[in-house]
Amino acid sequence: MRPSRNHQSRNRRSRALELLRHGVAAMALASLALAGTAEAQGSGASARAKGAVPALRVAVFNARVVFDSMPERSAAESEFALEQAKARTLLNAATDSLRAALDEFVRHEARLTPRQREATAMHLRARELLVEEMAANLDHVILTRQAELQQPLRERVRAAVRAVRLRAGYDLVLDRSNDQVIFDADDKADITAAVLREVREQMHSARSPNGR
């Protein structure tokens, strides 16, 4: 006996409703899964961002103040001033000697033979070139010597800054004493006093018999 058309229609509607319920349930589960994944990814990205961009701790100090407080600075400046004066004295002496030789040549030029005149003129020209080279290089030599005298002081300041930076946990220390750089910083970030104490402690340790 074949089922009636009404019975077949009810069966089809039941199967359709069942499929619809299963589809809604599957969509709900998928939505929950996607939401959980997105939340987990967001939390992971936030954690990664926090770990990838750590807070940078920056401090400043005034190198000029530190250098001015070092007793060795006066000794280095005195030695530099003495060597600078000696270099300029040598240049002035060479210039005066050349000028005297030129005057002597002019006075006796008429009594010289052409060969003597040519030889003397070449000799004086060579001396003149040497004096010009000495004068041109004087500033460079003076600046180089000044840097050599200041280098030990700079190394001591650099060591003190590094010690303070590592002890306090700073990532970067900047020098605020350069007048040609526009600079502004909170006074709480200034570690000049700490650097001065470190320089004095290192100097005291270096002078102590047992390094203490």
Side-chain angles (χ1 to χ4, degrees), residues 42-97 129-212:
S43 299
S46 177
R48 286 193 299 272
K50 290 179 180 178
V53 188
L56 185 67
R57 296 197 64 200
V58 180
V60 299
F61 84 111
N62 192 319
R64 186 179 298 114
V65 172
V66 178
F67 276 113
D68 290 345
S69 71
M70 302 176 72
E72 302 96 320
R73 181 188 62 85
S74 298
E77 288 184 353
S78 297
E79 184 175 353
F80 169 69
L82 181 61
E83 293 188 8
Q84 184 181 26
K86 288 181 179 179
R88 296 198 179 280
T89 298
L90 290 175
L91 176 61
N92 292 335
T95 302
D96 293 341
S97 177
L129 291 175
L130 288 175
V131 172
E132 290 177 355
E133 183 179 2
M134 183 185 299
N137 293 335
L138 181 61
D139 289 339
H140 174 70
V141 171
I142 288 175
L143 291 177
T144 301
R145 183 54 181 159
Q146 184 182 32
E148 291 176 353
L149 292 172
Q150 291 182 348
Q151 185 61 26
L153 304 182
R154 294 182 183 278
E155 292 297 332
R156 286 188 53 199
V157 173
R158 185 177 291 110
V161 170
R162 180 177 177 80
V164 173
R165 181 184 69 79
L166 293 176
R167 186 163 56 243
Y170 291 108
D171 300 295
L172 179 66
V173 178
L174 302 175
D175 178 14
R176 68 188 307 173
S177 64
N178 192 344
D179 296 332
Q180 297 180 355
V181 177
I182 299 176
F183 197 96
D184 183 58
D186 195 304
D187 290 340
K188 293 191 296 294
D190 195 307
I191 59 171
T192 302
V195 174
L196 283 170
R197 287 194 299 269
E198 183 66 28
V199 168
R200 295 189 182 105
E201 289 176 3
Q202 290 184 3
M203 182 177 62
H204 178 71
S205 298
R207 291 179 177 176
S208 299
N210 297 324
R212 295 180 180 178

Of the non-hydrogen atoms in [X] and [Y], which two are nearest, and what is the gap between them?
| X | Y | result |
| --- | --- | --- |
| Leu91 | Val131 | CD1-O, 4.0 Å |
| Ala185 | Arg176 | O-NH2, 3.8 Å |
| Ala160 | Val199 | CB-CG2, 3.5 Å |
| Leu153 | Ala76 | CD1-CB, 4.4 Å |

How far does [atom1] of [X] sit from [atom2] of [Y], to the nearest 0.5 angstrom?
| X | Y | atom1 | atom2 | value |
| --- | --- | --- | --- | --- |
| Thr144 | Asp139 | OG1 | CG | 10.5 Å |
| Phe67 | Arg73 | CZ | CZ | 10.0 Å |
| His204 | Arg200 | NE2 | CZ | 13.5 Å |
| Glu83 | Leu149 | CD | CG | 5.5 Å |
| Leu174 | Asn62 | CG | CG | 12.5 Å |
| Leu172 | Arg165 | CG | CZ | 8.5 Å |

State whether [X] and [Y] are salt-bridged, where the test is any N-O pair (Lys NZ or Arg NE/NH1/NH2 against Asp/Glu carboxylate O) under 4.0 Å.
| X | Y | result |
| --- | --- | --- |
| Arg197 | Glu201 | no |
| Glu198 | Arg162 | no |
| Glu148 | Arg145 | yes |

Answer yes or no: is there a donor N or O on one side and an acceptor on the other, between the side chain of Arg64 and the main chain of Ser177, under 3.5 Å?
yes
Donor-acceptor contact below 3.5 Å, side chain Ser97 vs main chain Ala93:
no
Would you mind reporting whether [Y] and [X] have side-chain heavy atoms less than 4.5 Å apart?
| X | Y | value |
| --- | --- | --- |
| Phe61 | Val164 | no |
| Thr95 | Met134 | no |
| Leu90 | Lys86 | no |
| Met203 | Met70 | no |

Sorted by chain and residue number, the side-chain contact (heavy atoms from CB on, under 4.5 Å) partners of Leu56 (sequence neighbours excluded) come out as Val58, Asp171
